[in-house]
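This report refers to the structure that appears directly beneath it.
Computed from a predicted model, the values in this text were never measured in an experiment. Residue numbers start at 1 and run along the sequence shown.
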Amino acid sequence: MQAPPNPEFLRRAIALATENVLSGAGGPFGAVIVRDGQIIAEAANTVTATDDPTAHAEVNAIRAAAKALSVFTLAGCHLYSSCEPCPMCFSAAHWARMEAIYYGASSADAACAGFDDDFLYRELRKDSAERKLLPTTQLLGAEAWASFAAWIASTNKIDY
């Protein structure tokens, strides 16, 4: 059974986001990962500080939590984010097997502040031919399948 959300963890994520802006360290995003009522990891956005476009607060927190727990899945953990996670961060939380996401500001709020994640959400709801996102084209599908065939046949893989 999923534990009820704790607003104090979300307040911490919001405080991290605000501190990040006021210190000049990065964007207005903070994230906290909680398991069994305890903070496992917390992080702020470090995109500009690290020149890493994937260094969103949620991804940074996921990386820190996985390292702190020495695991590659975060089952049983909850993500508290100062803002609705962008599609990348939502996907990262999904792949980390998080139990739940709680967020403060919406993607529309982020768009008002100049972070147009809402555009990505709208685009992803469209058929691929109608999207204005990066064009994607599959090449060498049969050749690329070889790595999956090797995975399926492998006896020393670690399923995830």
Side-chain angles (χ1 to χ4, degrees), residues 2-7 9-14 16-18 20-21 25-35 40-67 71-149 151-152 158-160:
Q2 182 175 314
N6 183 331
F9 295 130
L10 186 53
R11 286 187 180 100
R12 177 63 187 146
I14 294 166
L16 287 167
T18 304
N20 207 44
V21 172
F29 304 97
V32 173
I33 295 180
V34 174
R35 185 174 75 177
I40 302 301
E42 58 182 39
N45 175 289
T46 59
V47 169
T48 57
T50 61
D51 295 325
D52 179 354
T54 68
H56 291 199
E58 299 91 339
V59 171
N60 288 342
I62 289 168
R63 290 173 178 158
K67 185 174 182 174
V71 297
F72 61 85
T73 64
L74 298 173
C77 291
H78 296 181
L79 171 64
Y80 289 82
S81 180
S82 62
C83 185
E84 182 177 2
C86 73
M88 176 184 71
C89 294
F90 178 86
S91 296
H94 169 77
W95 289 121
R97 308 294 193 261
M98 295 282 215
E99 188 172 310
I101 298 173
Y102 305 105
Y103 64 90
S106 69
S107 62
D109 294 331
C112 288
F115 299 92
D116 204 358
D117 300 342
D118 193 52
F119 165 77
L120 291 172
Y121 278 107
R122 289 191 313 271
E123 286 295 299
L124 290 172
R125 285 197 273 298
K126 296 178 181 177
D127 289 331
S128 59
E130 297 173 7
R131 294 180 187 154
K132 295 177 185 157
L133 297 171
L134 293 171
T136 59
T137 304
Q138 182 180 18
L139 299 173
L140 305 176
E143 289 180 41
W145 176 254
S147 57
F148 289 113
W151 171 261
I152 292 167
I158 298 173
D159 287 325
Y160 63 97

Starting at [atom1] of [X], measure out to [atom2] of [Y] and round the result to the nearest 0.5 Å.
X	Y	atom1	atom2	value
Cys83	Asp117	SG	CG	6.5 Å
Leu120	Arg131	CG	CZ	10.5 Å
Ile152	Ser147	CD1	OG	9.5 Å
Leu10	Ser82	CG	OG	8.0 Å
Cys86	Tyr121	SG	OH	6.5 Å
Cys89	Glu84	SG	CD	11.5 Å

>> Asn60 and side chain to side chain donor-acceptor pair (under 3.5 Å): which single residue from Thr46, Asp52, Thr50, Thr54 fits?
In response: Thr46

>> Any side-chain to backbone donor/acceptor pair from Arg11 onto Phe9? Under 3.5 Å, distance only.
In response: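 Checking the backbone N and O of Phe9 against the side chain of Arg11, no donor-acceptor pair under 3.5 Å is found.
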
At their closest point, which heavy atom of [X] faces which heavy atom of [Y], and how far apart are they?
X	Y	value
Asn20	Asn45	ND2-O, 2.8 Å
Pro85	Ile101	CG-CG2, 3.8 Å
Ala93	Leu79	CB-CD2, 4.1 Å
Ala111	Asp116	CB-OD1, 3.6 Å
Ala105	Tyr103	O-CD1, 3.2 Å
Ala43	Ala61	CB-N, 3.5 Å

>> Are Pro87 and Leu124 packed together at the side-chain level, in the sense that at least one heavy-atom pair is separated by less than 4.5 angstrom?
In response: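 Pro87 reaches Leu124 side chain to side chain.
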
> How about Ile33 and Met98: do any of their side-chain heavy atoms sit closer than 4.5 Å?
Replying inline: yes

> Can you list the residues that meet the ring-ring contact (aromatic ring centres under 6.0 Å, His included) rule with Phe29, with sequence neighbours excluded?
Replying inline: Phe115

> Is the number of heavy atoms from other residues, nucleotides or ligands under 6.0 Å of Phe90 CZ greater than 12?
Replying inline: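 Incorrect, the count does not exceed 12.
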
> Between Asn6 and Tyr80, is a side chain to side chain contact (heavy atoms under 4.5 Å, CB included) present by the stated rule, with each step listed?
Replying inline: CA-CA 9 Å; Asn6 183 331; Tyr80 289 82; 3.9 Å; yes

> Should Phe148 and Trp145 be marked as a ring pair (Phe, Tyr, Trp, His ring centres under 6.0 Å) after you check the CA-CA gap, both sets of side-chain angles, and the distance that decides it?
Replying inline: CA-CA 5 Å; Phe148 289 113; Trp145 176 254; 5.6 Å; yes

